[in-house]
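Step one of this worksheet: look at the structure below.
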Amino acid sequence: MAARYLAIAEDLSSRISDGQWELGAFLPSEPELASEYGVSRETLRGALRQLEETGLIARRKGQGTRVVRLQPAQEFHTKLSSIEELAQYGRSAVRSILSIDQVVVDDGLAEDLGVPEGTVQTCITSTRQDPAQGNQPLSWAKVYLSPEDAALIQNDIKDSDRLVADLVAEHTGRQVSRVLQRIKAAALNVEAARVLGELPGSIALQLTRRYIGSDGRVLAVAVSTHPGSRFAYESVLERT
């Protein structure tokens, strides 16, 4: 049975990659696939679990099995335990700037940014790619900072992969002393899904980081969204 379900999973994976089923399409029902391969539904379910673990399909009770990727996902792990390691991640994951805009902070965003509603902020929208995985997009991010600080780094931001907060610190002399981080589950909106090559509504991991300077003021707030199918975040807790 073990070898059989793995062989079925490999065959289904190839058929998906070859375009037999388009992105968003539903696979035939379990009974139909079990009949096609001449196996029990238990064996067929083992094959589908393999595809689900590689991120190719999503199964919903009462809805069927839907194709959510055409190629198996390569999971990206990041393990950060200090501000220095966070800065190093910024240098190793290549950034591409998509847009730089002025925005007026609304009520929902004000809570995330820790600024009053109605405040004008500069919003830098970008992606990060991993060179080790063929520059596959790892994240879609929006970084918010004051227009004054944005003007200071405008000549550096497009040619540098360093964290925005690091660039602000360099130009203002305000050192990043701590980072407040919040992690939550989210659903990909249409814009993020398009950039990341995922389906809108797919499960994602959203990290909000507030970079606090030694003077207590916020240098920048980064809200990054990562596909749940290919991103893992690790942290280390040590007894003190």
Side-chain angles (χ1 to χ4, degrees), residues 1-79 89 92-96 98 125-142 183-207 224-234:
M1 172 187 167
R4 184 63 176 143
Y5 86 79
L6 289 174
I8 293 172
E10 184 176 350
D11 184 63
L12 286 171
S13 177
S14 296
R15 292 167 70 180
I16 291 172
S17 298
D18 290 341
Q20 182 169 341
W21 297 289
E22 296 181 351
L23 194 65
F26 286 88
L27 295 186
S29 67
E30 287 185 7
E32 291 175 310
L33 287 173
S35 175
E36 177 183 344
Y37 284 103
V39 297
S40 68
R41 290 185 68 175
E42 180 183 0
T43 300
L44 191 277
R45 284 171 182 161
L48 293 179
R49 279 194 295 271
Q50 289 292 115
L51 296 184
E52 196 168 28
E53 289 175 2
T54 60
L56 287 173
I57 63 171
R59 295 189 291 171
R60 297 289 184 271
K61 189 174 182 179
Q63 297 183 17
T65 301
R66 187 173 63 157
V67 176
V68 296
R69 291 185 59 81
L70 299 181
Q71 298 292 333
Q74 293 180 301
E75 194 173 70
F76 179 81
H77 287 257
T78 181
K79 182 177 179 180
Y89 163 73
S92 60
V94 179
R95 177 173 54 215
S96 296
L98 302 180
T125 304
S126 65
T127 62
R128 290 276 188 180
Q129 296 89 32
D130 181 13
Q133 296 183 9
N135 285 323
Q136 182 181 43
L138 299 174
S139 66
W140 175 79
K142 288 184 176 292
I183 303 175
K184 68 177 182 179
L188 289 178
N189 61 33
V190 173
E191 183 183 1
R194 176 181 56 79
V195 171
L196 296 172
E198 301 283 340
L199 287 175
S202 299
I203 298 300
L205 193 66
Q206 187 178 86
L207 284 75
S224 59
T225 303
H226 305 259
S229 63
R230 60 175 189 267
F231 184 84
Y233 183 88
E234 300 177 15

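Thr127 meets the side-chain hydrogen bond (donor to acceptor under 3.5 Å, both in side chains) test with Gln129; sequence neighbours excluded. Take Arg66 and apply the side-chain hydrogen bond (donor to acceptor under 3.5 Å, both in side chains) test, not counting sequence neighbours, and it matches no residue. Looking at residues two or more places apart in sequence or on another chain, you find a side-chain hydrogen bond (donor to acceptor under 3.5 Å, both in side chains) between Asp11 and Tyr37. Applying the salt bridge (charged side-chain N to carboxylate O under 4.0 Å, His left out) criterion to Glu36, with sequence neighbours excluded, gives Arg15. Residues meeting the side-chain hydrogen bond (donor to acceptor under 3.5 Å, both in side chains) test with Gln206, sequence neighbours left out: none.
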Quiz item: Which is it for Leu205 and Thr225 under the side chain to side chain contact (heavy atoms under 4.5 Å, CB included) test, yes or no, and what are the steps along the way?
Solution: CA-CA 6 Å; Leu205 193 66; Thr225 303; over 6 Å; no
Practice problem: List the steps, then state whether side chain to side chain contact (heavy atoms under 4.5 Å, CB included) holds for Tyr5 with Arg49. | Solution: CA-CA 10 Å; Tyr5 86 79; Arg49 279 194 295 271; over 6 Å; no
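In terms of heavy-atom proximity, Glu198 sits nearest to Leu188 at CB-CD1, 3.5 Å. Taking both residues in full, the closest heavy atoms of Pro200 and Ala193 are given as N-CB, 3.6 Å, listed atom of the first, atom of the second, then distance.
Here the OG1 atom belonging to Thr65 is positioned 10.5 Å from the CH2 atom belonging to Trp21, to the nearest 0.5 angstrom. If you take NE2 on His226 and CG on Leu196, they are separated by 9.5 Å, rounding to the nearest 0.5 Å. Glu22 CD to Leu70 CG: the interatomic distance, rounded to the nearest 0.5 Å, is 9.0 Å. Atom CZ of Arg59 sits about 13.5 Å away from atom CZ of Phe26, to the nearest 0.5 Å. Distance CD1/Ile8 to CG/Leu44: 6.0 Å, rounded to 0.5 Å. Note: Leu12 CG to Leu51 CG = 5.5 Å, rounded to the nearest 0.5 Å.
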Side-chain donor-acceptor pairs under 3.5 Å in residues 28-35, sequence neighbours left out?
| from | atom 1 | to | atom 2 | distance (Å) |
| --- | --- | --- | --- | --- |
| Ser29 | OG | Glu32 | N | 3.4 |
| Ser29 | OG | Glu32 | OE1 | 3.1 |
| Glu30 | OE1 | Arg41 | NH2 | 3.3 |
| Glu30 | OE1 | Arg45 | NE | 2.8 |
| Glu30 | OE1 | Arg45 | NH2 | 3.4 |
| Glu32 | OE1 | Ser29 | N | 2.9 |

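The closest donor-acceptor contact from the side chain of Asp18 to the backbone of Gln20 lies at 3.5 Å or more, if one exists at all.
Looking only at atom types and distance, the side chain of Ser14 has no donor-acceptor partner in the side chain of Ser17 under 3.5 Å away.
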